[in-house]
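Letters go in sequence order (proteins before strands), and every chain restarts at 1.
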Amino acid sequence: SQQGEEDPQALSIQEGENATMNCSYKTSINNLQWYRQNSGRGLVHLILIRSNEREKHSGRLRVTLDTSKKSSSLLITASRAADTASYFCATHLNRDDKIIFGKGTRLHILP
Amino acid sequence: DAGVIQSPRHEVTEMGQEVTLRCKPISGHDYLFWYRQTMMRGLELLIYFNNNVPIDDSGMPEDRFSAKMPNASFSTLKIQPSEPRDSAVYFCASSPWELNTEAFFGQGTRLTVV
């Protein structure tokens, strides 16, 4: 069963705008990770946030984690055409070593 | 390291045939995961191994599916007999033993069962 659920399922924005994607999960976690998948390719890790962290930055990416609400958000600032991809949150569960993925958000950056 | 290597990249087979997907994880990684991706169900964890031992195979859909990891550098996912509903992209991923580390994915095998 899915642990993470991304929202929205699809998002189209103009190049240069910021894109925000959200993820909710159900059980306690060790960490939460965000991945990107370009069409026809494998998943690429973007950023990992530990359960005791609240915010993390990496380049144009900003991730927040609210363990009380069991939710996370991924913000991509100053979007570019190359950011067009699907984005997945993945939770590394406390109770075992599984890494469970949500269904993803399809992001389309319009020129 | 070349990353996680999967073969074949594409596989087309007839219903009822046996299919074997292969994966070579990154050297030194202790965890290996098999996922299946479809439009309807997203990325599903099928099974994962720790130090070559299967830990959780609760995601394996049916007895037609089996996975092995005979050594630290090789794993297979076998479907016998294959059915059209098995058509999907199958990903292998590996991860180091340390907590709070990422999973590294292969490029996937696109399986089509006709």
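Between B:Tyr35 and A:Phe101, a ring centre-to-centre spacing shorter than 6.0 Å is recorded. In summary, the aromatic rings of B:Phe104 and A:His45 are positioned with their centroids too far apart to meet the 6.0 Å limit.
By the 6.0 Å contact criterion, CZ on A:Arg41 is open, its count of non-hydrogen atoms from other residues, nucleotides or ligands being 12 or less.
Close approach to chain A, defined as a heavy atom under 4.5 Å from one of its heavy atoms, is seen in no residue of residues 59-77 of chain B.
Side-chain contact annotation: A:Asn31 with A:Gln33, donor-acceptor N/O pair under 3.5 Å present. A donor-acceptor contact under 3.5 angstrom links the side chains of A:Thr64 and A:Ser73, judged on distance only.
Only the side chain of A:Gln37 comes within contact range of chain B, with heavy atoms under 4.5 Å apart.
Using a 30° and 60° split on the angle between ring planes, B:Phe33 and B:Tyr48 fall in the parallel class, below 30°.
Highest contact tally toward chain A, considering only B:Gln6, B:Gln37, B:Arg110, is held by B:Gln37 [criterion: heavy-atom pairs under 4.5 Å].
Between the side chain of B:Thr38 and the backbone N or O of B:Arg41, at least one donor-acceptor pair lies under 3.5 Å.
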